[in-house]
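Heads up, the thing below is written out as structure tokens.
Counting starts at 1 for both ligands and their atoms, in listed order. Worth saying up front: this structure is predicted, and the values here are computed from it rather than measured.
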Amino acid sequence: MSIAHGIKQLGVLGAGQMGTGIAFVSALRAKVPVLLHDRSKDQISKGLTLVDKLLAKDVSKGRLQFSEAEEARSRITPVDSLEAMRDVDMVVEAVSENLDLKRAIFREFGTKLRPDAILASNTSSISITKIAAAVIPEGASAASEQGKAASGRVVGLHFFNPVPVMKLVELISAVQTSKDTLDRSRVFAEACGKEVATSQDVPGFVSNALLMPFINEAIMCLEKGVATRDDIDKTFRLGMAHPMGPLQLADFIGLDTCLAIQQTLYSGTSDSKYRPSVLLERMVDAQYLGKKSGRGFYEYNDG
Ligand code: 3HC
């Protein structure tokens, strides 16, 4: 018997580039109504503008009927509080990479959302097991039935940027994640049009444990003057057929995000191969955060 994801309504927390992309593929591909929340109204409005733009492009390219685009758009509703998400069957958190912030959010999910809702994090590197421990109700032990039920519904669902384009979702099981949560999350990711690769809950999972040392080495090559920015990127675009060189990719991901992931990798493993380069730290100190801030290793006119 095939497994159903059973998600009749989804909550997405965080309307940045990842949260908006997740809302978009869920509404368009999985055809699930989405409640989108961000503490910044400005961010929500930017997110919805992006959704409109993406749908309009699909219509203009003949990939979508106008009516289908309208239906997908009508499935996304902005909400101004977590309380409004109390009936969702699943929530995906896509806020910035900060363990304390994520733990606080998941604690709140634990008290405000349905006790059987799946609680997914789009984290790029933070331990899902640590996040899951935050939802155990006060007074309950981790090993109690109540503790196991609460933390068993936490899972890592790691999308890639740009979410509408990248075909992968990395599925991460916490130590506590139940089989039902994992199975339904996989089916949901597939309904969003994605292929799924699973990873254990290690710092950075498979994707960023491999990608971040590569990006960091590229930044160190630049720092040491081994090659110019353009030659480093050209080497990978033309020599290895990567769509972007590592410096352009770092700008695209966000240099603050790259630094946060590298810090999680380094603190989680104590392995010097993950130590962030000084140049990356200085770029972030200077608020040169990459494409989103108009300047990173490259300059961008579109902010
Ligand atoms: N949102 C939605 N769609 C986008 C987009 C965005 N931000 N940027 C580009 N696209 C779409 C375009 O609209 C276009 O769609 P179409 O073919 O339907 O018209 C398609 O992508 C190709 O775009 P372009 O022709 O403008 O440009 P490129 O061919 O150069 O492709 C790219 C752009 C898809 C971003 C490509 O350069 C690429 O694949 N880069 C690598 C991206 C990557 O590695 N992402 C993973 C980052 S790591 C991560 O996310 C994990 C995290 O934990 C750090």
Side-chain angles (χ1 to χ4, degrees), residues 14-29 46-64 69 72 92-98 102 120-128 156-172 189 192-195 197 199 201-216 218-219 233-234 236-238 240-265 274 276 280 284 289-292 296 298 300 302-303:
Q17 51 189 0
M18 298 306 288
T20 300
I22 294 165
F24 174 81
V25 295
S26 304
L28 180 65
R29 305 271 168 242
K46 276 190 196 150
L48 294 177
T49 304
L50 176 63
V51 168
D52 289 340
K53 215 170 106 187
L54 293 171
L55 289 171
K57 189 197 68 181
D58 281 349
V59 172
S60 75
K61 292 207 162 185
R63 288 191 294 235
L64 214 56
V92 183
E93 164 275 314
V95 306
S96 46
E97 286 298 279
N98 176 313
K102 287 184 194 281
S121 176
N122 179 55
T123 179
S124 313
S125 59
I126 293 176
S127 163
I128 306 297
L157 213 50
H158 180 206
F159 290 78
F160 292 80
N161 187 19
V163 178
V165 180
M166 307 312 282
K167 295 189 173 70
L168 187 76
V169 166
E170 200 171 28
L171 180 69
I172 305 108
C192 291
K194 305 300 179 192
E195 297 251 352
S199 169
D201 184 19
V202 297
F205 319 129
V206 167
S207 56
N208 280 316
L210 299 179
L211 176 63
M212 286 301 150
F214 166 54
I215 285 180
N216 204 30
I219 299 172
D233 277 352
K234 191 195 281 183
F236 285 89
R237 270 189 294 103
L238 305 186
M240 286 88 176
H242 289 201
M244 290 173 163
L247 300 172
Q248 193 190 357
L249 180 58
D251 272 4
F252 182 71
I253 292 168
L255 300 188
D256 52 342
T257 303
C258 289
L259 180 59
I261 297 171
Q262 291 183 17
Q263 284 165 336
T264 302
L265 283 163
Y274 293 122
L280 177 62
V284 174
L289 306 181
K291 193 165 189 293
K292 65 184 167 190
Y298 294 80
Y300 305 87
D302 55 352

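Closest approach of L255 to G296, counting heavy atoms only: CD1-CA, 4.1 Å. Nearest heavy atoms, M18 versus F159: CE-O, 3.1 Å.
Per-atom contact check: atom 45 (N) of ligand 1 touches the protein, criterion being a heavy-atom distance below 4.0 Å. Protein heavy atoms are found less than 4.0 angstrom from atom 54 (C) of ligand 1. Under the 4.0 Å distance rule, the nearest protein heavy atom to atom 26 (O) of ligand 1 falls outside the cut-off. For atom 19 (O) of ligand 1, a protein heavy-atom neighbour is present inside the 4.0 Å cut-off. Less than 4.0 angstrom separates atom 12 (C) of ligand 1 from at least one non-hydrogen atom of the protein. Within the 4.0 Å cut-off (strictly below), no protein heavy atom is located near atom 23 (O) of ligand 1.
Note on ligand 1: R63 sits in its first shell, one or more heavy atoms being nearer than 4.0 Å. Proximity of M18 to ligand 1 is not established, as no heavy-atom distance is less than 4.0 Å.
With a 4.0 Å heavy-atom cut-off, ligand 1 is reached by the side chain of I253 but not by its N, CA, C or O. When heavy-atom distances to ligand 1 are checked against a 4.0 Å cut-off, K61 comes that close only through its side chain, counted from C-beta outward. Contacts of N208 with ligand 1, taken as heavy-atom pairs under 4.0 Å, involve the side chain alone. Residue contacts with ligand 1, taken as heavy atom pairs separated by less than 4.0 Å, do not involve H242 at all. Contacts of L249 with ligand 1, taken as heavy-atom pairs under 4.0 Å, involve the side chain alone. For D58, no heavy-atom contact with ligand 1 is shorter than 4.0 Å.
In the candidate list V165, N161, L211, V165 is nearest to atom 10 (N) of ligand 1, counting heavy atoms. Proximity annotation for atom 1 (N) of ligand 1: of G254, P162, A250, S207, P162 comes nearest, heavy atoms only.
Using cut-offs of 30° and 60° for the angle between ring planes, the F236 and F214 rings count as perpendicular.
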